[in-house]
Structure formats: structure tokens, C-alpha cells
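Reading through the C-alpha cells given below for one structure.
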Amino acid sequence: MKIEMPYKLSYLLIVLFFISCKIGPDSELETEKLEEKVEILPPVELYGDLFYDVQNREIFEDSKTFVDAVPQYNVGLIRQRYDMLDDTTKTGISEFVVQHFEVPGDKLAFEADSSSINQHITKLWGALKRKKDDSISGTLIPLPNPYIVPGGRFREIYYWDSYFTMLGLLEDGEVETIENMVDNFAYLIDEYGFIPNGNRTYYLGRSQPPFFAMMVKVLAEAKGDKVLAKYLPEMEKEYDFWMNGVENLGQEKAFRRVVKMKDGEVLNRFWDDNDTPRPESYREDIKTAEIAVSENPELSKEEIYRNLRAGAESGWDFSSRWLSKNTEGKFDLSTIHTTAIIPVDLNSLLYNLEMSIAEAYLINGDNETSEEFKLKAENRKKAILKYCWSEAEGFFMDYNFKKSGQAEQLSLAGVYPLFFEIANEKQAAKVRAKINTVFLKPGGVVTTPYNTGEQWDAPNGWAPLQWLTIKGLQNYGYNQLAGEISSRWLDLNRKVYQDTYKMLEKYNVEDLSKKSGGGEYPTQDGFGWTNGVYQKLSTEN
């Protein structure tokens, strides 16, 4: 029950309490602030009613702003003060938050100049670099080494982004930074058993596409193949995370991230251990779930929340890949069913992880275990070709295991089997033709052919998918098309940079006169993976 007393009086009583405990506001209180922050909790548990009131009253336009704010006092003290706050209007809550938190901004600490785009990117690494974290700050999970953030509203390290960022760091000779980041991810695996979406407490229910083994290989380019053996324990732990529950599949068709297919093969899906609204997209998820349940009463809000979170684990948040068409024949976020999908990209990445573990064991001289993981990889490859190759489409597709059939939506996830050389020559030729006729646009390749209003659909193109497509085509000798995609993408990046002095998170590859858009937030600038892919491709062209 809220105690009715003026805010100034309640503050005075709290100060008197701390004086009686010999903790003065100018002495040991500062120590108390830091000591309280050692507990790692998601924002709902950390801030209680304050979290719900800030999000529901729309104190900030972006739901992520408050959950990234840094408390300036002991969190218990902040909650106590809030419980005694009289003015709980939007203005009153806003003032309270400003008084008690350091509210983050989105701007990077750099100035535009007339540098070439490559020089600009090299300078950006400094602006995007964060020091090692000495203590917990609100929801931030501290990391033991410096790291690169994507930029904009993304103020923490992100898992799959970092691989593409490292491509550019390697070109710029930032080997120490790469090693620091790989060590940070190894730390997270050792500490939590997996790599979270990002180093925030509200990401501890999910991971992202498993690129850790690919990061290790980037580091190995600079330091030799023995790097693979060094990180073998962490690669195995990550593999165990993705395969957790496989022993339960005798009775169940799916458990967490593993799915037993109709003929007994085991493949993987995206998942999240929580079925509540994402704290960083709280209002958006509440609204989506309300619409979904109103249109389909058989659904529960918890199912929608789980599927939204699983979509976030995919990194493609959000895309027609995870959606069905509504009664009006349009893809709608309220139809999301991510957990029913066997994604071709995820399983290709896990094939690579199995092969990387096999390679690391071979380096260690353990041929027997190496062969075991090669067999796992071979079995996964066969299953990918069986369930995800569409002869009718001439393309690799996701598979809906609940409907026992392939998804109908085309997407650039279908290039992963070329990137990891899973496809045979005939399949690769058909994929090349589809890329040329469906995905190739004036600014590069488009994510999907569908304009849904979601950011991982048309008209947007993303740096990681350009890289994967280009390298996948090159693996099968299709260098002309790969070169065309690279040239168009680099030209678009340069054009936007010349106009804005910005490197963007995503680009409109269909109409070069327009900006990218869609999704839950405006296009961000900075931007880690765009910088990395540009720096790498521009040196190869």
C-alpha cells in the first residue's frame, strides 16, 4: 500500500535513516550505491512498479530507453522513494526518473568530417568501443574486456553483430580488439552456459544465431589454427546449449531449441525461455498480443510473447519468415509463430559449429571425438537438404514442423547452405538464378521479396546478408554475380555516406532515393556490422 506523504518529507526521513546508520549522503552512501548493483536482475524484478509505470505511461518514446538507464542510487532506495511518491502523473514519474537515473542518449561521440568512408570507419571503432565493465550498472552485464557496440540505441555488445564487425576490425589490424571480444563471449558462455542476445539482464532468456565459431576463425586468421583448440571448451558448451533436451525427444516432438523431425532426425529452432513481454519492447509486445488474441481466441498471450522473443533470438526481428497471412491476406505480426519453424540459417550455423568442434578436436589429436562431430555434422547436412531444399522453388526454405511442410516465404536465409558449402552444385546454380531474378536490386540484395512493414523484409538490405550472399556465391564460382552485389552495396553505402556522413544499420536497396524503414524503431546509425562488411568488401573489390 502506498504511504501518503509529501515527497520532500519522505526524502528527509530516508536521509535521516541513513544518518542513523552512519551512512552519510557524501560518504558511505556512494559505496552503498555500488555495492547494491552486484545483483544481476532483469528490469521487471529490479524496478518493480516503477518499471511498469514508466513503460505503460510511455515516459520514453522507445521502450528500450528506461531499461538501459543507469540507477544513480541504491535500487532498493529508489524503489522505496518511488513507493512514497505522491505525484504519479506522467510528469511526476518523468521527473522522478531524471532525478534518480542517468538516462541514455543515442548519439555517438564523433563529428562528421570530410574523411573518406574507410577513414571514417577506422575512426568509428574508437567511438563504438567501450571499456571493460568494472561493475554492474542497472541491467548491464559486466564484461571483463573492452568491446565494440553496434551504435545508436544498441549500447551493449550484440552477439551475431559482432562477427560481421570483426571482419572490418581485422582489415584495420584491430586484432587485440577481436581477441578481447572473443574472450568476452567465451566468458559469457562459461558464466551463463550460452551467449545472450546482448550483455543485458533482459536478454538472459535467449541467444542469437551461433556465430561464435566463426568469430574464433576470424581470430585464427590472425593468430593461427591453434586458436580453435583454445576455445574448444566454449564451442562445446555453446553446442550443448543449443542441443539441450535432445534426450527428452523420445516422448516429445520438440523441447526448447531441439525438434525431432518426422523421420527421427534432430534439427533446431529459435526459442526463448520466457513467455512474457520483452522489457525493451514492452508496449509493443502487449499491443501485438492483444491483437493476436482478439483475432484468434484459441491463442494465449504467452504463446505470442514466446514467439516474439524467439523471433528476437533469430536476429530477424521481425520478418515475414515468422508470420502467416491474416484474414486480409497480409503478413501481420500478430500471426507470429517462430517456434514452429525449422530455420535453414540456424541449422546451417550449427552444422558449421559441429564441423568447427571436429576440427578443434583434430588439432588436439583426438581423432575419435573429431569423427563423432563430423558424423553429427553430416547427419545435419542430410537433414537440411531433405527438409529445407525446395526443388519447386529452386531455393532453400525454412520448414514448418507443426504443419509438416516447407514455409512458403522466400528469404536470404536460403544462402546459408552456400556460405557453409552444404548445397550441391545443381542446387547452388538454382539458388544463383533465384538471387539474380528475385533478390538482386539496385542497391544490393533485398532481405525478402515481401513488403510487410517489418524491417527484415523488402525494401531493406542488411550488411550481414550481403556478405553471406556474396561469399556463398563465390564458394561455387559465381564471381560475376557476387561482384555485382558487392559493387551495388558499396555504391549505396558510399552514396548515403556522402549525403549524411553516416553508416546505417540497414538500407533501402530497392529505391535508392528513399531511406530504409519498418520495424519497432527508426534506422540507427553507427553501425558496427555495416562498418565491418564495408571495410572488408571494399578491400576485396
Side-chain angles (χ1 to χ4, degrees), residues 143-145 147 157 159-160 162-171 173-195 207-244 246 257 266-268 345-384 416-423 467-468 471-472 474-476 532 536:
L143 296 175
N145 302 292
Y147 52 93
I157 202 167
Y159 181 7
W160 80 305
S162 296
Y163 164 68
F164 302 96
T165 298
M166 288 177 188
L167 297 174
L169 289 170
L170 186 62
E171 288 301 310
E174 293 274 356
V175 177
E176 183 179 358
T177 302
I178 295 170
E179 187 164 22
N180 283 335
M181 292 170 71
V182 173
D183 284 341
N184 280 336
F185 288 126
Y187 163 80
L188 288 169
I189 291 172
D190 290 334
E191 189 75 10
Y192 297 101
F194 73 108
I195 299 174
S207 185
Q208 272 197 329
F211 272 90
F212 180 69
M214 292 299 295
M215 297 181 201
V216 172
K217 288 180 179 179
V218 171
L219 185 58
E221 285 185 46
K223 303 196 74 171
D225 287 343
K226 288 186 178 180
V227 167
L228 275 168
K230 176 183 176 181
Y231 295 101
L232 173 59
E234 286 78 22
M235 288 193 289
E236 279 204 278
K237 286 178 185 176
E238 179 173 51
Y239 184 69
D240 290 342
F241 164 78
W242 285 98
M243 299 306 293
N244 176 261
V246 69
R257 293 166 177 82
V266 174
L267 290 173
N268 291 75
D345 48 357
L346 171 60
N347 284 282
S348 297
L349 280 161
L350 289 170
Y351 164 83
N352 173 69
L353 179 54
E354 289 161 339
M355 289 296 289
S356 300
I357 292 171
E359 185 179 352
Y361 269 113
L362 193 61
I363 292 169
N364 279 347
D366 188 342
N367 293 4
E368 184 178 350
T369 310
S370 177
E371 288 301 318
E372 288 177 11
F373 274 91
K374 283 182 183 176
L375 180 60
K376 291 176 188 289
E378 185 60 30
N379 288 337
R380 186 182 296 274
K381 176 180 177 178
K382 290 177 181 176
I384 291 170
Y416 274 75
L418 275 67
F419 185 81
F420 291 115
E421 299 185 64
I422 294 168
W467 174 257
L468 293 162
K471 289 299 160 183
Q474 288 176 345
N475 284 342
Y476 292 83
K536 185 71 172 176

Over all atoms of both residues, closest heavy-atom pair of N145 and Y147: O-CD2, 3.3 Å
Residue pair L346 / P210, side-chain heavy-atom distance below 4.5 Å: yes
Flag side-chain contact, heavy atom, 4.5 Å: E368 against E371: no
Smallest separation among heavy atoms of P209 and W160, with atom names: O-CB, 3.8 Å
Greater than 12 external heavy atoms within 6.0 Å of E176's CD: no
Test of ring centre spacing under 6.0 Å for Y159 and F211: no
Exam field: side chain N475 to backbone L418, donor-acceptor pair closer than 3.5 Å: yes
Distance (rounded to the nearest 0.5 Å) between L350 CG and D345 CG: 10.0 Å
Note, Y239 side chain near M235 side chain (heavy atom, < 4.5 Å): no
Residue pairs, two or more places apart or on separate chains, that pass salt bridge (charged side-chain N to carboxylate O under 4.0 Å, His left out) and touch residues 352-365: E354-R380
Approximate separation, where rounding is to 0.5 Å, of F419 CZ and K471 NZ: 8.5 Å
Note, F241 side chain near R257 side chain (heavy atom, < 4.5 Å): yes
Rounded distance [0.5 Å steps], CG in N352 versus NZ in K217: 4.0 Å
Y351 vs N347 side-chain heavy atoms within contact, under 4.5 Å: no
Non-hydrogen side-chain atoms of F164 and L167 separated by less than 4.5 Å: yes
Criterion side chain to side chain contact (heavy atoms under 4.5 Å, CB included) on S348 and I422, from CA distance to verdict: CA-CA 8 Å; S348 297; I422 294 168; 3.7 Å; yes
OH on Y361 to CG on N364, rounded to 0.5 Å: 8.0 Å
Spatial distance of atom CG (L349) from atom CD (Q208) [nearest 0.5 Å]: 11.5 Å
Donor-acceptor pair, side chain of S207 and main chain of I195, under 3.5 angstrom: yes
Any side-chain heavy-atom pair of F212 and K237 under 4.5 Å: no
CG-CD1 distance between L362 and I357, expressed to the nearest 0.5 angstrom: 13.5 Å
Would you tabulate the side-chain donor-acceptor contacts of residues 220-234 under 3.5 Å, counting partners in other chains and residues two or more places apart, or write 'none'?
from, atom 1, to, atom 2, distance (Å)
K223, NZ, E179, OE1, 3.0
K223, NZ, E179, OE2, 3.3
Y231, OH, D183, OD1, 2.5

Close side-chain approach of M166 and V182, heavy atoms under 4.5 Å: yes
Stepwise side chain to side chain contact (heavy atoms under 4.5 Å, CB included) check, L188 with N184: CA-CA 6 Å; L188 288 169; N184 280 336; 5.6 Å; no
